[in-house]
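Quantities reported herein were computed from a predicted structural model and do not represent experimental measurements. Start at 1 and go down the list; that is how both ligands and their atoms are numbered.
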Amino acid sequence: MSMNLVNRTLVKNAGHIAGEWCQADSGATIAVYNPATGEPLGQVPDMGVIETRAAIDAASQALAGWSALAPKERARLLRAWYDLIIEHKEDLALLMTLEQGKPLFETRGEVMYGASYIEWYAEEGKRAYGKVFAAPTADKRALSIQQPIGVVAAITPWNFPNAMITRKIAPALAAGCTIVVKPSEETPFSALALMALAEQAGIPAGVINMITSSQAAAVGRVLTDDSRIRKLSFTGSTRVGKLLYAQSAETVKKLSLELGGNAPFIVFDDADLDAAVAGAVISKFRNAGQTCVCANRILVQDGIHDAFVARFKAAVEQLVVGNGLNDATTLGPVINQAAIDKIAGMVDTAQSQGASLVTGGQRHEAGALFFAPTILTGVTQQMDIARQEIFGPVAPIIRFKDDAEAINIANDTPYGLAAYFYTESHSRIWKVAEALEYGMVGINEGILSNEIAPFGGVKESGQGREGSSQGLEDYMETKYLCMGGIR
Ligand code: SIN
């Protein structure tokens, strides 16, 4: 594998079950490619039903010991893991750029973002409080305690190969749960490197188990069917999320689902234009447009429309498309052939439906999976591009007249993850923030994710929250204790 890592022991070609690095029983493997060059990077085991069951067995066996540890002791181990991640930040960033494609400045940022969840939950795990209630009769006392939900499972995506894993493992472990993780088969090396560092930090065998697999449906079925898994946390598409939701009904599992989005990014006439342009660029083109919270539709009010488009075009044309290993690069490739074909098809369809091309619009010469940063104007809410999650570097601009129209367009979608708007008006900030049917709203801000905030969506964008104290509560159950016979 052509990886110039300082610490080669971080490159693992094995899954991790019950404290052992292991291959698939069948001997099958998955090849992993660099999306910037198409070069093979290496391979990991293609595990299936048998290994998934073994991982659940291991997590179940480790549960009693891990949940019995004092939160302070769990915090110490999580902190040790965090420290190792920071120590190996450069290697983790390089590994991620190689397998995912995003530029080094973004992967460095993601390593820090991912680590922030571990640091934060190491602390927050100590603050799982119960409650004492005023009892209804004199002979009773009533209280509640918080307990870990049990063994949990996490299925994570390729767009954030590090942070979507730590955002689930850290609160789970802080709460006292043990976990089975299935990372994306497109980006398993970042996940396995995190696993190696967790082992080095002293997190006991069986507490974190990682299975690499291309058999998503079969593995998902084992995880949802097994009654020992008490909670499933999934980040990915709404289609798969609905499937896992339905499959989890049989065992009545708790679910955290972070699914698709169709984020509106609204620029009102009174916006600070420079701030709105900078926010739109970062929100739209972060990770080549491949995040669930990326601006998917840019709504611009009549009075500022042409000025915004001119400045946005100038800013977008400054983006440097290329291999993420080059320091100058600001826009990397998309993940695979299916992704680029879909994006190209969406841009063609939008134009055939009446949208005008301002810049970009075609594949980029940097390589097979690169798409030129693209702006389309004259987009309407009826066009396919305004209704689907683009997941690529394409910015469709919709013109609107007034606040009511902007809110109607923004809410006209089954999705409800993130929304953004720019205005200098105090009243508008409150009115619009309250009217948007979204789980998260960026106000004069294009990036809203961090460890202290409750990340999550409404409607078909999912349920549950990750980050913040709510993220910890989602891995715990409340147990009510009623004490009678008090004389
Ligand atoms: C996602 O795209 O799923 C996560 C984005 C983020 O954490 O900002």
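Closest to atom 3 (O) of ligand 1 among all protein heavy atoms lies Glu258 OE1, 3.0 Å. Among all non-hydrogen protein atoms, the one lying nearest atom 6 (C) of ligand 1 is Ser449 OG, 3.3 Å. Looking from atom 7 (O) of ligand 1 to the surrounding protein, the closest heavy atom is Tyr113 OH, 2.6 Å.
Geometric assessment of Arg297 against the ring of Phe265 yields a negative cation-pi assignment under the 6.0 Å and 45° thresholds.
Using a 4.0 Å cut-off between charged side-chain N and carboxylate O, Glu110 and Lys102 make a salt bridge. Salt bridge present: Glu123 and Lys126 bring a charged side-chain N and a carboxylate O closer than 4.0 Å. Ion pairing between Asp403 and Arg428 holds under the 4.0 Å rule for side-chain N and carboxylate O. With respect to Lys242 and Glu460, a salt bridge is recorded, a charged nitrogen being found less than 4.0 Å from a carboxylate O. Under a 4.0 Å N-O distance rule, the pair Arg167/Glu258 qualifies as a salt bridge. Taking 4.0 Å as the cut-off between side-chain N and carboxylate O, Arg286 and Glu106 do not count as a salt-bridged pair.
In terms of N/O distances under 3.5 Å, ligand 1 is not approached by Phe160.
No more than 12 heavy atoms of other residues, nucleotides or ligands lie within 6.0 Å of OH in Tyr245, so this atom counts as exposed by the packing criterion.
The atoms of ligand 1 that sit less than 4.0 Å from any heavy atom of Arg286 are 6 (C), 8 (O). Ligand 1 places these atoms under 4.0 Å from at least one heavy atom of Thr291: 2 (O).
In this structure, Gln290 has no heavy atom closer than 4.0 Å to ligand 1.
Contacts between Cys292 and ligand 1, counted as non-hydrogen atom pairs separated by less than 4.0 Å, involve both the backbone and the side chain. When non-hydrogen atoms are compared, ligand 1 lies under 4.0 Å from the side chain of Thr235 (C-beta onward) but not from its backbone. Counting heavy atoms under 4.0 Å from ligand 1, residue Asn159 touches it through the side chain alone. Within the 4.0 Å heavy-atom criterion, neither part of Glu110 lies near ligand 1.
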